[in-house]
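This report refers to the structure that appears directly beneath it.
Residue numbering restarts at 1 for every chain, and letters A, B, ... go by the order of the sequence lines.
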Amino acid sequence: LKAQARIERFFCNS
Amino acid sequence: MLELRLVQGSLLKKVLEAIRELVNDANFDCSATGFSLQAMDSSHVALVALLLRSEGFEHYRCDRNLSMGMNLNNMAKMLRCAGNDDIITIKADDGSDTVTFMFESPNQDKIADFEMKLMDIDSEHLGIPDAEYHAIVRMPSAEFARICKDLSSIGDTVVISVTKEGVKFSTAGDIGTANIVCRQNKTVDKPEEATVIEMQEPVSLTFALRYMNSFTKATPLSETVTISLSSELPVVVEYKIADMGYIRFYLAPKIEE
C-alpha cells in the first residue's frame, strides 16, 4: 500500500 | 502604486477558474518580473505556481514589490463580471486594503470597476529546486483532461509510466482496471496535436486522480500540457499561458512507506 506524500517532503521553506 | 493593464482579460478569468478549486486564499505577488502566485492546497499535497510576466501586460506599473492576499472564489466572482473580450486593469494603492479590477469593453462604451477587500494571509513559500526530469511528455491538453476524467470513473489513483513505448496511464478500482497508452506521435497536421516524449530513463509514479482532475481546469489556457516526471519527485503539470508565462501544478506522489 502506498501513502500520500506531502509537498514539503520535497520542497523546503524558502 | 500598482497598475496592470491586460488587453486579453479572458486570460485572467481562465487563470482564476484554473486554480480556485485547488486553493481558497492566496497571496498574489507583484514585482518588476511580473504578477505571480505560489500556493498549496489545504492538504499540502499539491502546489500551484503562476507567473504572468510584466512584458505580457500592455501597461505594467509596480512601484514596489507588493503582496496582495485574496480569496480566490471572491476574485473569481468579480472576474466573471468581465466580458471575455474586455480589457482588465488591476489597480492598488500602496498600503491599501483593497484592490480594484477595472473592466473595459473593446469599444470603450462600458467601463466597470469592482473593488475587492484584501486579506492577510500567512502563507509559506517553498523553494522549488531545479530538477533533471527522467521523462517529459508533451501532449494535447484536452486529451490529458479526457484521460484523467475517464480514469477517475474507475479508480482513485493513476499510475503514470513512461517507457520508450510511450506513456501509460493506469488505474484500478472495485469494478475493474483501465490502461490508456499514448504513443509518441509527431506526424500530425498541427504541432499542438502532437504527443512528444523525451525520456532519459523509464519512470513510473502513482498520483491521486482527484488532484490531476483539478489541474485540468487549466485546459482552456493552453492547447498543450507538459508533464515532467522523476522518480520520487512531485510531478509537474504545466500549462503555458500564451506569451505571458505559465501555470505549473506540482503534485506529490504516493510512496511506499
Using the benzene-type ring in the case of Trp, are the ring centres of F10(A) and Y250(B) under 6.0 Å apart? no

Are more than 12 heavy atoms from other residues, nucleotides or ligands located less than 6.0 Å from atom NZ of K217(B)? no

Euclidean distance, R6(A) CZ relative to D41(B) CG, rounded to 0.5 Å: 9.0 Å

Flag if over 12 foreign heavy atoms under 6.0 Å of CG, D122(B): no

Using heavy-atom distances under 4.5 Å, tell me whether S43(B) contacts chain A through its side chain, its backbone, both, or neither. backbone

Compare every heavy atom of A5(A) with every heavy atom of I255(B), then report the nearest pair and how far apart it is. CD1-CB, 3.8 Å

Does atom CG (N13(A)) have a neighbourhood of more than 12 heavy atoms from anything else shown, all under 6.0 Å? yes

Flag yes if more than 12 heavy atoms outside D156(B) fall under 6.0 Å of its CG atom; otherwise flag no. no

Minimal heavy-atom distance between V45(B) and I7(A), with the atoms involved, is O-CD1, 3.5 Å

Specify the closest pair of heavy atoms between G127(B) and F11(A), including all atoms of both residues, with the distance to one decimal. O-CB, 3.4 Å

Just wondering, do K2(A) and T157(B) contact through their side chains at under 4.5 Å, heavy atoms? no

Look at the side chain of E8(A) and the backbone N and O of L126(B), then say whether any donor-acceptor pair between them is shorter than 3.5 Å. no

